[in-house]
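Beneath this line is the structure, given in structure tokens, with notes to follow.
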Amino acid sequence: MKRPITLSDIARAAKVSLGTASNAFNRPDSVRPALKARVEAAAQQLGYAGPDPRGRLLMGAKANAIGFVPASEISVFGMLQNAFSRRLLSGIAAECDARSCNLLIISGTEDRKDWAIRNAVVDGFILGHSSEVDIVSVRRRKVPFVVLDVDAGPHVHSISIEAYKGARIAVEHLLALGHRRFAIQAVMRKPGQSVFYPAGENRQRESSYPIDRAKLAGYSDGLRTAGLSLDQVPIVESHTTAENSEEGAKLLCERAPNATAILAMSDTIALAMLKVAKWRGLRVPEDISVIGFDDIPEAAEASPGLTTIAQPLIEKGRLATRMILENAPPTQVVLPVHLVIRGSTGQAVGAPASKGSG
């Protein structure tokens, strides 16, 4: 087998120094046009495509790219199908465009994620969960990273939201509308069949993330103000793919038919509930009220429009990208949330009209 052509071969063929040959590829503005032309001609004659970008990175060069790893075990295709991921990626991409930087989307599936993170040619990572921090840290070339929706400590960049506050606001909104019979749609982080947790049973969900636990705590404390207990609220947990979300919504309707108010941890699964309710002949909000979390564009486009807790997804993505590219000292940011009232929530049947539901 013929050995690969190297940059040293090009330098000898062009009769220039190795440094000049390297600059012709990596810093062309620093090389005189005549010398650059000689190097390019030699490279073309010998069939040399240019320096290996991985080798350049190990020498400290910039890749001019950001890597994004999702929170859940979800494929690249699944991310592009998911409205939440698309919204977050839009913010990252907008900041990358503004800074002439590229975006690499890394699959969240367990069989591909580890290798991809270790070998990605990027200048930094935006991580959907702190579990990937150890993988990034053992890379041969160290790069900065930002963790989303988790406080990973004072030495790590992180961006989270007021998840507890948002969940409590959601409960308070429905309580003000007279609702007392609740059910919860929780997010399953690993692909699998939806699971129903009846009231009163041990509901320690193995796949829950810190942001999910914060939302449950907000629901719990909000319910307690009305003398209700989270332990008595049925919960269904489903993955955020369209098929799994609808499966979970059907399961909740079948197993908790008396619920008049649904607290959904994401808009994706809340929108599935709206669809399933319509299939079952339930009127929203007359028979059942549904409130989501995130405020993806589809929430406003739904019929009826989805009441939800809005978080600044675009800004979250842009801020995370700036943190990496500006390489500032570790910063922990908590972004605000707020209630957006639309048509999917209304007065509970038989409850007196409330003036404070907004």
Side-chain angles (χ1 to χ4, degrees), residues 163-187 196-201 203 215-238 245-246 248-295 298-300 302-310 337-358:
Y164 168 88
K165 178 180 177 181
R168 184 153 182 169
I169 290 172
V171 174
E172 290 169 351
H173 169 65
L174 292 169
L175 287 173
L177 292 170
H179 292 280
R180 295 297 183 271
R181 300 198 303 274
F182 291 84
I184 293 172
Q185 284 180 282
V187 175
F196 180 76
Y197 299 89
E201 289 196 3
R203 279 112 41 105
K215 290 175 184 177
L216 275 180
Y219 292 154
S220 179
D221 289 350
L223 291 167
R224 193 176 295 117
T225 65
L228 304 174
S229 170
L230 183 69
D231 292 337
Q232 298 306 311
V233 176
I235 298 174
V236 72
E237 185 180 46
S238 55
S245 297
E246 290 175 15
K250 291 176 183 176
L251 187 59
L252 193 59
C253 286
E254 291 167 2
R255 302 289 296 275
N258 295 323
T260 66
I262 307 296
L263 294 158
M265 287 190 181
S266 83
D267 285 349
T268 302
I269 53 180
L271 291 170
M273 178 58 74
L274 294 185
K275 183 183 293 187
V276 169
K278 184 176 181 179
W279 290 342
R280 296 176 66 89
L282 295 172
R283 299 170 301 162
V284 179
E286 292 84 359
D287 298 322
I288 189 169
S289 285
V290 181
I291 186 167
F293 206 114
D294 296 326
D295 198 25
E298 289 79 353
S303 180
L306 179 66
T307 297
T308 188
I309 303 298
V337 299
H338 64 276
L339 174 66
V340 178
I341 300 175
R342 299 191 180 102
S344 70
T345 53
Q347 209 73 26
V349 176
S354 171
K355 296 179 181 179
S357 61

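- For the residue pair Ser289/His179, the side-chain donor-acceptor check at 3.5 Å is satisfied.
- Residues Leu228 and Leu175 have side chains in contact (heavy-atom distance under 4.5 Å, counting atoms from C-beta outward).
- Once rounded to the nearest 0.5 Å, the distance linking CG of Asn258 with CZ of Phe182 reads 14.0 Å.
- Counting only distance, with no hydrogens or angles, the side chain of Thr345 and the backbone of Ile291 share no donor-acceptor pair below 3.5 Å.
- Minimum heavy-atom separation, Ala302 to Leu274: CB-CD1, 4.1 Å.
- Side-chain atoms of Arg283 never come within 3.5 Å of backbone atoms of Ile288 as a donor-acceptor pair (strictly under, hydrogens ignored).
- For the atom pair Leu252 CG and Met273 CE, the distance stands at 4.5 Å (nearest 0.5 Å).
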* **Val349 vs Thr260, side chain to side chain contact (heavy atoms under 4.5 Å, CB included): CA-CA, chis, key distance, verdict** => CA-CA 8 Å; Val349 176; Thr260 66; over 6 Å; no

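- To the nearest 0.5 Å, the span separating OG1 on Thr308 from CD1 on Ile341 amounts to 11.5 Å.
- With a 4.5 Å cut-off on side-chain heavy atoms, Tyr197 and Ile184 do not count as touching.
- The shortest non-hydrogen separation linking Cys253 to Val276 is SG-CG1, 4.1 Å.
- Across all non-hydrogen atoms, the minimal contact from Ile309 to Val337 is CG2-CB, 3.8 Å.
- Taking the charged nitrogens against the carboxylate oxygens, Arg168 and Glu172 do have a contact shorter than 4.0 Å, which makes a salt bridge.
- Of the inter-residue distances, the one linking Phe293 atom CZ with Ile269 atom CD1 reads 11.5 Å to the nearest 0.5 angstrom.
- Side-chain contact between Leu339 and Thr307: present, with at least one pair of heavy atoms (C-beta onward) separated by less than 4.5 Å.
- A pairwise comparison of heavy atoms in Asp295 and Ala299 identifies OD1-CB, 4.0 Å as the closest pair.
- The shortest distance between side-chain heavy atoms of Arg255 and Val236 does not fall below 4.5 Å.
- Looking at every heavy atom in both residues, Lys275 comes nearest to Glu246 through NZ-OE2, 3.1 Å.
- Annotation for Gln347 and Leu177: closest pair NE2-O, 3.2 Å, computed over non-hydrogen atoms.
- Side-chain contact between Met265 and Leu216 is present, with at least one heavy-atom pair separated by less than 4.5 Å.
- By the 4.5 Å heavy-atom criterion applied to side chains, Ile262 and Gln185 are counted as neighbours.
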